[in-house]
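Atoms within a ligand are numbered from 1 in the order they appear, just like the ligands themselves.
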Amino acid sequence: MKRLIYADNAATTKMSPLAYESMSEYLLDSYGNASQPYSFARRPKQALYESRCIIAKSIGASPDEIFFTSCGTESDNWVLSSFKNKGIITSAIEHHAVLNPCKTFEGEGCDVQYLAVDKYGVVTPNTLENSVFRVGGLVSIMYANNEIGTIQDIQTLSSIAHAKGCYFHTDAVQAVGHIKIDVNELGVDYLSASAHKFNGPKGVGFLYVRNGSPLYRMIHGGSQERSMRAGTENVASIVAMAVALQENLDNLDRNQTHVQSLVSTFLDGFASSNLDFVRNGTNQIPGNVNISFNGANGEMLLHRLDLMGICVSTGSACDSKNTQISHVLKAISLDPKYAEGTIRISFGKENSFEDASDISSAIIKILNS
Ligand code: PLP
């Protein structure tokens, strides 16, 4: 059987066995509804509280600032919809979980500005300074880009937003669990995260909301999530999300060093090749390599790699039906002769050095054939 090499961890990650094991108790034994008053509901209620505390502590927040959601997309939509009457400033390279709600709200009359980025995908402080602020509005800039990996200077950008009387949100879906995050150091008012990006289950995420910041009531119903997002809690997945996050943070340095070494091994694989390529982005999130080969076709490359048992991406997973040059590559003004030959490799803690060198050898073989 062909060996599977999974190198698309920015799309989703393998669930941690520890997180997986933590779920069964809340599905098979302590399955009571956490909102019920009887003693059988005590254990799931306690588990929800403990998970909220673990997640809050991991980003320097307090437990009452954490709201559980179904995914990163929901977290992003929740914040943005809270500001659709106030004005939103965002960047041209955000994930569609931010760009598409912004487009919808724009159609409904919301004032939305899309900031340009430089050739590395950086939103410069100057660009933000020069935009038109509406007091009480929102600035939403992602922490790390899902395609090219560029990490933004969130601390500086949030302080500019605050000085102009705006709130600040960061979509940290690619960063949480992979990088140390402290909401107070960053100065953010809102932060979105998703469990399946850090070895937790799919279908669960969270939103950090600084106490006192505006928040729209997302789902009307029961009193779950302080009556802001009603609906019986997904206790097993929430518990597993907290376990996965804690596990990743306990091993953060080791995981970062490992995936960075995999990136170096992968890139070293091209040292003696005659391929003309560029690596996109700067100060990338650990494990991300977005690479563009002159004259190649990224779509073809992805399918040929797939036939060899190698999973990579051409851009964002949510964009897999779109064979156009991605909005991110357009925003960094990458020359189309390179842009069309782009793939994203995103290494995770499960990958080996053999995976990294096998992928570069496979690419060289395909492009030279
Ligand atoms: N934001 C970013 C930066 C992402 O990379 C993704 C997923 O790829 C999302 C939001 C959406 O997250 P989810 O899949 O949990 O809805």
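The environment of CZ in Phe40 is crowded: more than 12 heavy-atom neighbours from other residues, nucleotides or ligands sit within 6.0 Å.
Close approach of ligand 1 to Ser194 (heavy-atom distance below 4.0 Å) involves ligand atoms 13 (P), 15 (O). Under a 4.0 Å criterion applied to the non-hydrogen atoms of Cys71, ligand 1 contributes the atoms 13 (P), 15 (O), 16 (O). Atoms of ligand 1 found under 4.0 Å from any heavy atom of Met142, numbered from 1 in the order shown, are 3 (C). Every atom of ligand 1 with a heavy atom of Asn146 under 4.0 Å away is listed here by number and element: 3 (C), 5 (O). Numbered from 1 in the order shown, with element, the atoms of ligand 1 that lie under 4.0 Å from a heavy atom of Thr73 read 11 (C), 12 (O), 13 (P), 16 (O). Taking a cut-off of under 4.0 Å to the non-hydrogen atoms of His196, the atoms of ligand 1 that pass are 13 (P), 14 (O), 15 (O).
Ion pairing of Arg3 with Asp358 is present here, as a side-chain N (NZ or NE/NH1/NH2) and a carboxylate O approach within less than 4.0 Å. Salt bridge Asp64/Arg52: absent, no basic N to carboxylate O contact under 4.0 Å.
A heavy-atom distance below 4.5 Å is not found between the side chains of Lys365 and Arg304.
Using modelled atom types, one finds a donor on one side chain and an acceptor on the other under 3.5 Å when comparing Asp276 with Tyr338. Glu94 and Ser91 share a donor-acceptor pair across their side chains, judged by distance under 3.5 Å alone.
In this structure, the side chain of Ser292 does not engage the main chain of Ala339 through any donor-acceptor pair within 3.5 Å.
Within the 4.0 Å heavy-atom shell around ligand 1 one does not find Glu74. Using a 4.0 Å heavy-atom cutoff, Lys197 is listed among the residues neighbouring ligand 1.
If you look at His258 and Phe353, their ring centroids are closer than 6.0 Å.
Residue contacts with ligand 1, taken as heavy atom pairs separated by less than 4.0 Å, do not involve Asn145 at all. Of the heavy atoms in Asp171, only side-chain atoms (C-beta onward) come closer than 4.0 Å to ligand 1.
Of the N or O atoms in Gly72, one or more lie within a sub-3.5 Å distance of an N or O in ligand 1.
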